[in-house]
Amino acid sequence: MIGLSLLDDLNDRQREAAETIDGPVLIFAGAGSGKTRALTYRIAHMVREKRIAPEHILAVTFTNKAANEMKERITRLIGDDARRLWAGTFHSICSRLLRRYGEEIGIAPNFVIYDEADQTALIKQAVSIADIDSQAYTPTRIRWAISSGKNELLDPQGYARARKGPFDEIVARVYSRYQQALRENNALDFDDLLVKAVELLRSRPKVLAALQERLRYVLVDEYQDINYAQYELVKLLSARERNICVVGDDDQSIYGWRGANVGLILSFQADNPNTRVIKLEQNYRSTQKILDCAHAVIRVNEDRAEKRLWTENGAGDNLVVYEAVNEEEEAAYVAGVIARQVRNSGTRYADYAVLYRANAMSRNLESAMREKGIPYEVVGGMSFYDRGEIKDLAAYLKLIFNLDDSISLRRIINKPARNIGEGTVSRLTQLAHAEGVTLFEACRLAGDESDLRKAQKEAVLHFYSMIRRLHEDTADMSVSGIVKAVLERSGYTDALRASGKADDADRIDTLGELVTDAVKYEQSADEPSLGGFLERLALLSDLDKAEDLGSSVSLMTVHASKGLEFPIVFIVGMEEGIFPHERSMADQFQLAEERRLFYVGLTRAQRMVYMSHARGRTIYGSPHEMIPSRFLKDLPPESIDRKLDADSPLMPRMFGDEEAAVREQTVLAGGIDITDVLRRARENMAAAASQKQEELRAEPTVSEEPSIAPEAKKRKPAGAARKKAARSPAKQKTAASVQPLGTGTKVVHEDFGEGIVISVDEKSDEPAVTVAFVAKGIKKILANHPKLKVRR
DNA sequence: GGACACAAACTTTTT
DNA sequence: GTTTGTGTCC
């Protein structure tokens, strides 16, 4: 029987998760615990063994990518039956629901979905109408506030009641106007998809009953990231059968800022009597040392469900914490390690991911990668779908699909330039208001009665009839045909071609990709339609496209890395104010989320993690001194190697050509390992501090601050140095005594004890070495000093 | 009406 | 370092 062999692939816990089908189930799935495996086998088991029709199963995920992956893997297990499953993101499922039943609550089926830019534009208008000082209340901040309200299913009235304060009062007013404007444009924003779906299910029992009849088994992935609106939706859908299975990991909840509520997974058991709780704690991904570090970090958080990952994988290598001079050197280190390893140890570029806290930090890494000729891919951030030309084309399509969409109309009425400027548009807006018609209709009326100049009238009318005709023609055209027609008839491509700029040639290529995208969509969709394609455009992000990472290093935010795994992971910018982020440091709850974010980053790695922090960093163009992240302190010292670069301020500077050579060497070696030295130095710090003054008085050749001394030397006039050199009795002995003292040599000093050479200054008048002493810290000493011996 | 130049403001994470 | 808005000039 297929079922037996199917579940044989699972461990006991996974199997329990797969076999428990009826009633509420809560699965805590730790990072790398084979969650997707358990889930896909669970669904396969339901269909194959339990003879449950696939259309009775709803699987909700957080990203399109997760949904697609699940579908693919289930298809591999049970074949084409998998196509009959309902699987998708919250947003795509709600969108489908609303296209189908939206009219019940007054939503026309050709609604368009507004993205953030559209929302902001609409809010700007609402603000100007409401006569609010837009300086103090930026549209973006208002958008955030409205969105957070919607996440909690607050309508404008509810918002006004629930949130007090001068800002919220303004928000409530704008919110109300904003909703009205959305209605006028026959548009829904991201959050509305959820809000309206809940409204539909709550107010139309027949619709709800029909859906409950169909969707008898509900499965929700990444449940720790659910917000109240999503929670309510799931609750409604699963209320009849109560076959609700949720999977998540509270330790990986990193979207609280977006309304996600970790409390909802932690209270699932209380909400649903007789919940079966299953914990997947065996990790198949990482080494024990990585898990030790991750656990050491996450255990600091309170209010988490107790669990600890374990693995049968080996201990692995120590994780590395690298201290960089600044962000450029940090990036150079990362690129250097990757280049060296790919060259020497048979890894591929695709084995590496570099994670950072904020998208803006990708820049330095990108240039370091380019410098070393490393192929890389930035995942997320400025997406294909965010590019201006794509959004322009999308605006055309949206307008053609839904002629009421004034935001899209405004965007493209003068793209390419048609001599319809701001003045004309505002007159058209007035006209629309006066006549009580849509902006598009106002364009038609412009010819008759407005006080526009003749040239403008003609331009507007021409625009109107072009859109009108495209709208009428869509009925019997394929989606890709419509896209092509828009590009041609709007004159968009022609304008780009005529400009002759290199950027514009690229834009033409980008638009070509969108045509390809449309063709692919036609081939893959069950019932291709313009509406379906627009939905894809609105709900698909770049992350979902990231399939072909075959041969390049992946650069992405830690957030974007959730759910992914890589053999070797770099986490850069481990500094206070960066990670944890400045704006999360004051609030305990947000700080806990930052910590979880770091946990997510660590647990992406299979074999190795390199963390780095810089002593200095340029932020908004001005330099800042940085303090290492507090999270680094929680890592178990025995699983960490600390490294730094030859050019760190801790090191004396080198002069001449050798500087580059030495730095190259240390970078190639992956930095200088000073773990031992630093640890023991810290242990002996108190003793060292009290004795320091004496030592210095007794030993004049030792400089207290080696990082400064060479600088001072550099500034001396050449004559002084020469004089000193001539006087030096050590000169002839230089070569012989310095040679054995290479970087990394272990030495013993009669007074300072054991140490390790961290750099050699041969270009100086008197050859010197900088030694990190276990007990006394870092000192610069003459290379041929009689008290210094090489240790074996 | 549109293009350009400059100044100012502003920076988290995204379905 | 970037994007966004404002002002000026054609």
Side-chain angles (χ1 to χ4, degrees), chain A residues 60-67 88-95 113-117 119-120 124 134-136 138-141 143-144 147 150-151 189-194 221-222 225-227 229-230 253-260 327 355-364 367 379-383 385-386 388 413-427 452-453 455-456 459 499 535-536 538-544 556-563 573 577-585 590 593-594 596-598 600-601 617-623:
Chain A
V60 193
T61 61
F62 223 69
T63 65
N64 293 294
K65 199 178 159 199
T89 64
F90 275 103
H91 295 271
S92 71
I93 284 166
C94 289
S95 177
I113 300 169
Y114 274 3
D115 66 11
E116 276 171 25
Q119 288 174 49
T120 307
K124 268 184 198 161
S134 63
Q135 287 286 318
T138 64
T140 312
R141 284 181 63 198
R143 172 164 58 72
W144 267 83
S147 173
K150 286 185 176 181
N151 284 333
D189 66 21
F190 269 130
D191 303 308
D192 274 345
L193 293 174
L194 300 166
D221 194 12
E222 307 281 12
D225 287 331
I226 207 164
N227 66 31
Q230 291 161 334
S253 164
I254 55 174
Y255 287 107
W257 52 275
R258 227 177 70 196
E327 71 273 19
L355 311 182
Y356 34 82
R357 178 65 239 270
N359 271 128
M361 294 167 72
S362 73
R363 179 158 290 106
N364 289 307
S367 51
V379 181
M382 178 67 174
S383 120
Y385 301 101
D386 280 340
I413 191 166
N414 202 33
K415 274 182 194 152
R418 299 187 175 88
N419 258 298
I420 307 176
E422 193 46 49
T424 307
V425 174
S426 74
R427 235 157 274 158
L452 292 170
R453 278 186 295 192
Q456 268 68 254
S499 92
E535 189 172 302
R536 230 172 93 93
L539 299 181
L540 215 61
S541 80
D542 220 31
L543 296 183
D544 307 313
M556 67 185 91
T557 63
V558 190
H559 279 90
S561 76
K562 200 180 76 168
I578 301 280
F579 202 176
H581 193 273
E582 184 92 52
R583 286 162 69 150
S584 303
M585 292 191 351
Q590 290 184 61
E593 182 156 309
E594 293 282 319
R596 292 193 293 267
L597 187 59
F598 183 38
V600 167
R617 185 177 294 275
T618 311
I619 302 174
Y620 317 144
S622 49

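In what follows, every heavy atom counts, from backbone to side chain, and hydrogens, waters and symmetry copies are set aside. Here is the naming used below: chain letters follow the sequence lines, and residue numbers restart at 1 for every chain. Quick caveat, the model's predicted, so the values are computed rather than measured.
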Next item on the list: For S92(A), answer base if it contacts any base atom (sugar-phosphate contacts may also be present), sugar-phosphate if it contacts only those atoms, and nothing otherwise; contact means non-hydrogen atoms under 4.0 Å.
Entry: nothing
Is [X] close enough to [N] that one of its side-chain N or O atoms is under 4.0 Å from OP1 or OP2 there?
{"X": "N359(A)", "N": "dT12(B)", "answer": "no"}
{"X": "N414(A)", "N": "dG2(B)", "answer": "yes"}
{"X": "S584(A)", "N": "dT12(B)", "answer": "no"}

Do [X] and [Y] have side chains that get closer than 4.5 Å, going by heavy atoms?
{"X": "T557(A)", "Y": "Y356(A)", "result": "yes"}
{"X": "F190(A)", "Y": "Q119(A)", "result": "yes"}
{"X": "M361(A)", "Y": "F579(A)", "result": "no"}

The side chain of [X] lies closest to which of these nucleotides: [options]?
{"X": "R583(A)", "options": "dT12(B), dT14(B), dG1(C)", "result": "dT12(B)"}
{"X": "E116(A)", "options": "dG2(B), dT15(B), dT13(B)", "result": "dT15(B)"}
{"X": "T424(A)", "options": "dT14(B), dT12(B), dG1(B)", "result": "dG1(B)"}
{"X": "T63(A)", "options": "dG2(B), dT12(B), dT15(B)", "result": "dT15(B)"}

Note to self: Please give the distance between the P atoms of dT4(C) and dT13(B) as a whole number of Å.
What the structure shows: 14 Å
Measure [atom1]/[X] against [atom2]/[N] and give the value in whole Å, please.
{"X": "R617(A)", "N": "dG1(C)", "atom1": "CZ", "atom2": "P", "answer": "14 Å"}
{"X": "E593(A)", "N": "dT14(B)", "atom1": "CD", "atom2": "C1'", "answer": "12 Å"}
{"X": "L539(A)", "N": "dT14(B)", "atom1": "CG", "atom2": "P", "answer": "16 Å"}
{"X": "R357(A)", "N": "dT11(B)", "atom1": "CZ", "atom2": "P", "answer": "15 Å"}
{"X": "K124(A)", "N": "dT4(C)", "atom1": "NZ", "atom2": "P", "answer": "8 Å"}
{"X": "N227(A)", "N": "dT15(B)", "atom1": "CG", "atom2": "P", "answer": "14 Å"}
{"X": "I254(A)", "N": "dT15(B)", "atom1": "CD1", "atom2": "C1'", "answer": "12 Å"}
{"X": "Y356(A)", "N": "dG1(C)", "atom1": "OH", "atom2": "P", "answer": "18 Å"}

Next item on the list: Would you please classify the geometry between the W257(A) ring and the W144(A) ring as parallel, tilted or perpendicular, with 30° and 60° separating the classes?
Entry: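 W144(A) and W257(A): tilted rings.
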Next item on the list: Please evaluate the base of dT13(B) for a donor-acceptor partner in the side chain of W257(A) within a cut-off of under 3.5 Å?
Entry: yes
Notebook entry, point to check: Could one point to a donor on the side chain of R258(A) or the base of dT15(B) with an acceptor on the other under 3.5 Å away?
Noted result: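 Donor-acceptor pair under 3.5 Å: yes.
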Next item on the list: Only counting residues at least two apart or in another chain, list the ones meeting salt bridge (Lys or Arg N to Asp or Glu O under 4.0 Å) with E116(A).
Entry: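 Residues passing salt bridge (Lys or Arg N to Asp or Glu O under 4.0 Å) with E116(A): R143(A).
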Margin query: Between A417(A) and H559(A), which residue's closest nucleotide on DNA chain B lies nearer the 5′ terminus?
Written below: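 Looking at DNA chain B, the more 5' nearest nucleotide goes with A417(A).
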Check: Closest nucleotide of DNA chain B for I420(A) versus for H581(A): which of these residues is on the 5' side?
Finding: I420(A)
Margin query: For F90(A), give me all partners under ring pair (Phe, Tyr, Trp, His ring centres under 6.0 Å), at least two apart in sequence or on another chain.
Written below: none
